[in-house]
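Proteins come first, then strands; the chains are lettered A, B, ... in the order of their sequence lines, and each starts at number 1. Worth saying up front: this structure is predicted, and the values here are computed from it rather than measured.
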Number of protein chains: 4
Amino acid sequence: MARPRSEDKRNALLAAAVQVFAEDGISAPTARIAKVAGVAEGTLFTYFSTKDELLNQLYMEIKRELREAMLSTYPRAADIKQRASHVWREYVDWGLVNVDKRKVVAQLAVSDRITDDTRAVASAGFAEFQSMLQESMAKGVLREHPPAYVGAILVAIAEATMDFMLKEPAAADQYRAAGFEAFWRAVASA
Amino acid sequence: MARPRSEDKRNALLAAAVQVFAEDGISAPTARIAKVAGVAEGTLFTYFSTKDELLNQLYMEIKRELREAMLSTYPRAADIKQRASHVWREYVDWGLVNVDKRKVVAQLAVSDRITDDTRAVASAGFAEFQSMLQESMAKGVLREHPPAYVGAILVAIAEATMDFMLKEPAAADQYRAAGFEAFWRAVASA
Amino acid sequence: MARPRSEDKRNALLAAAVQVFAEDGISAPTARIAKVAGVAEGTLFTYFSTKDELLNQLYMEIKRELREAMLSTYPRAADIKQRASHVWREYVDWGLVNVDKRKVVAQLAVSDRITDDTRAVASAGFAEFQSMLQESMAKGVLREHPPAYVGAILVAIAEATMDFMLKEPAAADQYRAAGFEAFWRAVASA
Amino acid sequence: MARPRSEDKRNALLAAAVQVFAEDGISAPTARIAKVAGVAEGTLFTYFSTKDELLNQLYMEIKRELREAMLSTYPRAADIKQRASHVWREYVDWGLVNVDKRKVVAQLAVSDRITDDTRAVASAGFAEFQSMLQESMAKGVLREHPPAYVGAILVAIAEATMDFMLKEPAAADQYRAAGFEAFWRAVASA
DNA sequence: AATGAATGAGAATTCATTCAT
DNA sequence: AATGAATGAATTCTCATTCAT
């Protein structure tokens with residue numbers, strides 16, 4: 001395992017990977033990524049020992065960034081619906097701004113090149129949100145189901161919602177609001 | 001006349017593609033598919049001119065089959081919630097039985113090798129279900145949103161639900177029921 | 001060796017071969033030829049056992065046709081320069097009319113798929129012209145050289161001449177005349 | 001800096017291409033060329049992006065070499081016939097020594113894989129010789145024709161002559177001398 | 001550590017030829 | 001005999017990874 005000297009170069013490679021994978025799918029050649037990052041083909045391999053390593057790191061990195069975004073302004077003291085609404089909004093807005101990253105994660109998520117370990121690490125970061133959601137479900141239909149399931153439903157509805165927001169930007173605000181209402185009724189209603 | 005092109009062989013190739021792609025991802029080599037289908041490497045190309053063509057045909061075929069499954073016992077006369085429930089159940093159960101096909105569609109859906117045309121044809125088959133769903137939304141939070149959005153939410157929640165049903169088979173029935181309730185509250189509640 | 005039933009089909013295949021090879025070179029697939037000829041892919045092989053066989057037959061056929069053209073109106077009784085001039089003109093004009101055949105022969109001639117046997121048979125047909133040429137050389141610089149050499153020079157100059165006639169059609173007549181004069185001086189002058 | 005691209009390797013590949021193409025025609029596989037050149041199959045493609053590129057480069061290279069040979073000892077000050085004779089001799093002798101290259105150029109010249117650009121570049125190198133030839137024609141039958149035509153006739157007669165020199169090596173000297181005389185009478189006689 | 005040339009195992013086609021109909 | 005699907009060896013080119021500089 002190499003001890004990369006420059007954090008900048010690593011970031012440049014990850015950013016280039018996002019761009020290239022978004023354009024051409026995760027089967028795009030590493031050489032293209034290196035070129036976009038402005039480094040030599042071989043250099044990529046001192047930062048990521050294999051392409052699969054790059055794929056896995058990239059997956060974790062993007063998930064981490066998403067969590068960061070959701071966390072940055074998280075109103076820990078607010079009431080439950082407000083907190084849920086905050087998470088919803090941060091998630092959806094992050095997805096709209098980071099179209100490429102979202103596209104790439106979608107491909108990585110269904111790829112068998114992402115290991116179970118990576119998936120575990122990536123989802124661990126969202127535990128806090130899930131336990132929050134659990135609270136909200138106390139009286140809902142899903143009260144007996146694991147928090148991860150509610151989290152999955154939030155993500156599922158949010159992803160569907162983003163697709164429509166992107167397709168009809170003029171109605172984006174309505175979609176965002178209606179999507180959250182739908183989610184909230186789904187999981188929290190008495 | 002020479003040997004006629006065989007529908008059986010075409011089906012064998014599609015079935016082999018499902019198996020191989022489920023195992024190794026859609027980047028698996030065509031040679032493997034031909035071998036599993038029991039035909040020569042070149043034969044695949046008399047049925048599908050390119051690998052992309054195979055991918056697109058496969059996508060449409062699986063979607064068609066799913067629709068077939070949802071349609072076969074569709075209770076046109078039943079009340080709305082029953083019809084929605086029927087669709088839900090057929091969809092979810094099809095996904096549980098056809099694990100490989102579901103896995104492959106998931107990859108195809110995010111791949112840019114599937115053309116817009118193919119996507120259009122594939123989703124056209126579900127128009128009927130969507131208009132049915134629209135009825136159910138008449139009084140819900142989504143009443144002003146397009147039926148396709150409600151369809152997307154159904155699919156989204158169903159997919160999340162299937163994942164948990166497969167992870168915890170013992171609780172499968174509860175998940176299926178709770179998932180539908182969640183969906184119904186999300187879209188139909190007053 | 002097959003006993004083809006229809007001479008027509010054989011000719012159609014040879015004509016199609018000329019067209020296809022002229023367009024795409026002699027590496028063009030046999031399937032294309034069959035299609036242009038209006039027969040099935042496999043049928044080609046009842047008329048020509050292999051592609052090489054087709055190539056060789058085609059070479060001989062075209063050479064035969066060229067000889068035919070040169071022979072049809074050959075003025076056996078005329079004086080030597082007139083006979084040589086006749087040969088020249090027939091050759092050059094045949095080449096201008098049969099652009100495709102000329103192009104194909106050019107490729108076949110340098111291909112190692114044409115056997116020595118085929119070459120021998122093809123050139124045998126031109127013996128008469130060569131012995132005629134020999135007469136014309138009696139007093140020329142080439143008087144001690146084999147008639148085949150003079151024949152080769154005629155062909156060489158004629159081919160160069162045709163290229164320019166095709167490039168500058170307006171000057172075609174001058175080229176044809178000047179070319180022959182050049183040839184005649186080359187071989188026949190005292 | 002990494003290993004620099006090696007001119008030696010490029011030359012080895014071109015030399016190997018000559019050998020392999022002379023043996024088996026220009027349809028010989030690139031893998032054979034790489035092997036003969038002593039490099040990996042993929043390496044060929046770092047020097048020539050496609051097989052067609054190799055073909056075109058090879059064509060230009062051989063033509064350049066031929067011109068070089070004709071130029072190296074070109075007696076600019078000598079009288080016209082001597083200069084023409086020099087060109088003739090250099091050309092013919094180059095062809096006799098470089099049998100393989102001559103064979104390969106013959107195939108390349110009639111192949112449609114050689115682009116018009118390549119042909120233009122390759123023939124540009126011979127402009128000087130052609131303008132020299134033009135002088136020699138001042139009083140000949142071809143005086144009104146373009147110098148390229150005279151050049152083409154020289155080449156045509158020379159090629160025919162080489163064939164006979166190779167077939168009858170014992171008479172090579174006579175052929176070379178007679179061939180030039182024939183050419184000279186063809187184009188320069190009053 | 002950085003570079004990019006070198007490597008060689010694939011991968012998707014292609015195509016002459018065979019053979020069931 | 002005619003048809004065209006079936007065959008599978010062969011071909012060009014790609015690309016992750018290694019390694020000389």
Looking at [X] and [Y], what are the two nearest heavy atoms and their distance?
{"X": "C/Ile62", "Y": "C/Trp94", "answer": "CG2-CH2, 3.6 Å"}
{"X": "A/Ala22", "Y": "A/Val104", "answer": "N-CG2, 3.6 Å"}
{"X": "B/Ile33", "Y": "B/Ala17", "answer": "CG2-N, 3.8 Å"}
{"X": "B/Asn56", "Y": "B/Arg113", "answer": "ND2-O, 3.0 Å"}
{"X": "B/Ile26", "Y": "B/Phe21", "answer": "CA-CD2, 3.5 Å"}

Item checked: Polar contact flag, side-chain donor to acceptor under 3.5 angstrom, A/Thr46-A/Thr43 ->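 Side-chain D/A pair, A/Thr46 to A/Thr43: absent.
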Item checked: Nearest-nucleotide comparison on DNA chain E, the residue closer to the 5′ end among B/Thr30 and D/Arg5 ->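 So the residue in question is D/Arg5.
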Scan nucleotides 8-10 of chain E against the protein and return all N/O pairs shorter than 3.5 Å with their distances rounded to 0.1 Å.
from, atom 1, to, atom 2, distance (Å)
E/dG8, N7, D/Gly42, N, 3.3

Next item on the list: Would you indicate what A/Lys35 reaches in the nucleic acid, counting non-hydrogen atoms under 4.0 angstrom: base, sugar-phosphate, or nothing?
Entry: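 Touches nothing.
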Notebook entry, point to check: Which is true for D/Ala28 with a 4.0 Å heavy-atom rule: it touches a base, it touches only sugar-phosphate, or it touches nothing?
Noted result: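 Sugar-phosphate: the residue D/Ala28, judged by heavy atoms under 4.0 Å, touches backbone atoms but no base.
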When the distance from [atom1] of [X] to [atom2] of [N] is rounded to whole Å, what number comes out?
{"X": "D/Arg10", "N": "E/dA6", "atom1": "CZ", "atom2": "C1'", "result": "18 Å"}
{"X": "A/Ile33", "N": "F/dT14", "atom1": "CD1", "atom2": "P", "result": "17 Å"}
{"X": "D/Arg3", "N": "F/dA20", "atom1": "CZ", "atom2": "C1'", "result": "5 Å"}
{"X": "B/Leu13", "N": "E/dT13", "atom1": "CG", "atom2": "C1'", "result": "15 Å"}

Note to self: Please check this pair: side chain of C/Arg32 against backbone of C/Ala16, looking for a donor-acceptor N/O pair closer than 3.5 Å.
What the structure shows: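 Not a single qualifying donor-acceptor pair exists.
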Margin query: Please determine whether salt bridge (charged side-chain N to carboxylate O under 4.0 Å, His left out) holds for the pair C/Glu61 and C/Arg10, giving the CA-CA distance in whole Å, both sets of side-chain angles, and the decisive distance to 0.1 Å.
Written below: CA-CA 11 Å; C/Glu61 201 68 30; C/Arg10 191 187 123 97; 3.1 Å; yes
Notebook entry, point to check: Using a heavy-atom distance cut-off of less than 4.0 Å, which residues of residues 44-56 of chain B contact DNA chain E?
Noted result: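 Of all residues in residues 44-56 of chain B, the ones placing a heavy atom under 4.0 Å from DNA chain E are B/Phe45, B/Thr50, B/Lys51.
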Item checked: D/Glu41/D/Lys35 salt bridge by N-O under 4.0 Å criterion ->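 No, no charged N to carboxylate O under 4.0 Å.
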Next item on the list: Answer yes or no: is there an ion pair linking D/Asp112 with C/Lys103, defined by an N-O contact shorter than 4.0 Å?
Entry: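 Salt bridge flag = no for C/Lys103 with D/Asp112.
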Checklist line | Consecutive Watson-Crick or G-U pairs in runs of at least 3, all under 3.5 Å, in which DNA chain E is involved | finding: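 The stems are E:2-21 with F:2-21.
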Check: D/Val121 versus D/Thr118: any side-chain heavy-atom pair under 4.5 Å?
Finding: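 They are not in contact (no side-chain heavy atoms under 4.5 Å apart), so the answer is no.
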Checklist line | Phosphate OP1/OP2 of E/dA2 contacted by A/Lys9 side-chain N/O (<4.0 Å) | finding: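 Yes, such a contact exists.
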